[in-house]
Amino acid sequence: MFYTEEHGYSPLRFDPFKAIIAPRPIGWISTLDADGKPNLAPYSFFNAISSRPNMIGFSSGGLKHSPRNASETGEFVFNLSTFDLMNEMNRTAEDVDDGVNEFELAGLQMAPCKLVRPPRVAAAAAALECKLISCTELIDLDGRPTDRWWVIGQVIATHINDRFIKNGRFDTAAARPLGRCGYHDYTVVDDTIELLRTDKPEQMLR
Ligand SMILES: Cc1cc2nc3c(=O)[nH]c(=O)nc-3n(C[C@H](O)[C@H](O)[C@H](O)COP(=O)(O)O)c2cc1C
């Protein structure tokens with residue numbers, strides 16, 4: 001099969017784009033609104049985009065609460081979304097009114113951060129406190145604004161549940177992060193494969 005993307009066309013019943021770029025990590029983003037009310041929502045147009053400085057980014061279709069709050073307050077928190085919190089994560093995706101606290105909606109405990117004001121998910125295996133670098137609207141090939149908003153933050157502090165630290169490493173497989181696939185599909189990272197670089201097998205891990 002081959003097709004071009006003209007006018008957002010796909011010959012398949014559902015656009016396979018998100019099933020091809022899969023699995024995607026989920027940025028479970030907590031913020032505070034301008035009145036100080038907590039907000040929590042999942043974003044799978046999300047990834048780590050730089051190390052040292054450690055930076056992460058997520059994109060929002062429309063200026064939803066998370067990008068708006070991050071822009072207004074200059075802060076957001078990444079919470080790791082894992083298999084054990086899958087249903088809670090899903091509830092926090094509900095389209096709710098301004099000021100509704102999705103931590104309460106999903107029955108999740110909040111825990112304080114140290115350097116930023118938004119709370120984190122107390123039960124999360126890891127959380128990253130971030131300061132906003134930018135929130136910009138994506139522009140398409142024709143230079144037209146898309147109403148897709150790209151938020152970048154720099155990590156300034158990290159929380160890890162000690163249960164997931166083994167031999168000086170974060171044990172990703174033990175934490176069982178969720179990955180977002182296409183349609184309504186998810187996957188779980190519960191196994192890893194070590195593959196050393198062929199040109200630098202002795203390379204120190206950083
Ligand atoms: C697993 C998952 C991933 C999602 N990823 C995105 C995303 O990348 N961008 C987006 O705009 N919405 C995404 N959504 C939908 C938002 O979570 C949803 O619109 C939510 O209500 C936004 O909340 P907020 O307005 O509090 O930020 C996703 C939903 C789920 C369940």
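Residue numbers count from 1 along this sequence. Counting starts at 1 for both ligands and their atoms, following the listed order.
- Nearest to atom 15 (C) of ligand 1 among the protein's heavy atoms is Lys64 NZ, 3.7 Å.
- Shown here are the ring-ring contact (aromatic ring centres under 6.0 Å, His included) partners of Phe76, two or more places apart in sequence or in another chain: Phe58.
- With sequence neighbours left out, the side chain to side chain donor-acceptor pair (under 3.5 Å) criterion links Glu88 to no other residue.
- Interface of Glu102 with ligand 1, defined as ligand atoms under 4.0 Å from a residue heavy atom, comprises 26 (O).
- Only the side chain of Tyr186 comes within 4.0 Å of ligand 1, counting heavy atoms alone; its backbone N, CA, C and O stay farther away.
- For the residue pair Ser59 / Trp149, no side-chain donor-acceptor distance below 3.5 Å is found, with atom types taken as modelled.
- Near Ala93, meaning under 4.0 Å from one of its heavy atoms, ligand 1 places the atoms 17 (O), 18 (C), 20 (C), 21 (O), 29 (C), 31 (C).
- With Thr146 contributing its side chain and Arg148 its backbone, the two residues share a donor-acceptor pair below 3.5 Å.
- Across the listed options Phe46, Tyr43, Trp28, Tyr43 owns the non-hydrogen atom lying nearest to atom 6 (C) of ligand 1.
- Protein heavy atom at the shortest distance from atom 5 (N) of ligand 1 is Ser44 N, 2.8 Å.
- Listed by atom number, the atoms of ligand 1 under 4.0 Å from Ala41 heavy atoms are 22 (C), 23 (O), 24 (P), 26 (O), 27 (O).
- Nearest protein heavy-atom contact of atom 26 (O) of ligand 1 is Asn39 ND2, 2.8 Å.
- Scanning the protein heavy atoms around atom 8 (O) of ligand 1, the nearest turns out to be Phe45 N, 2.8 Å.
- Residues Asp140 and Arg144 are paired through a salt bridge, judged by an N-O separation under 4.0 Å between the basic side chain and the carboxylate.
- Counting heavy atoms from C-beta outward, Leu108 and Trp28 have side chains that approach closer than 4.5 Å.
- Looking at Glu94, His65, Met86, Arg68, it is His65 that brings a heavy atom closest to atom 24 (P) of ligand 1.
- Distances below 4.0 Å separate heavy atoms of Arg180 from the following atoms of ligand 1: 1 (C), 2 (C).
- Residues Glu102 and His65 bring no donor and acceptor atom of their side chains to less than 3.5 Å of each other.
- Close approach of ligand 1 to Ser60 (heavy-atom distance below 4.0 Å) involves ligand atoms 11 (O).
- Those atoms of ligand 1 that come under 4.0 Å of a heavy atom in Gly61, given as number and element, are 10 (C), 11 (O).
- Under the 4.5 Å side-chain contact rule for hydrophobic residues, Val121 and Met89 share a cluster.
- Closest to atom 4 (C) of ligand 1 among all protein heavy atoms lies Pro42 O, 3.3 Å.
- Taking 4.0 Å as the cut-off, Arg148 does not count as a neighbour of ligand 1 on heavy-atom distance.
- Looking only at heavy atoms of the protein, atom 9 (N) of ligand 1 is closest to Ser59 O, 3.0 Å.
- Within the cation-pi definition used here (under 6.0 Å to the ring centroid, within 45° of the axis), Arg180 qualifies as a partner of Tyr186.
- Using a 3.5 Å distance cut-off with no hydrogens or angles, the side chains of Ser30 and Asn79 do pair a donor with an acceptor.
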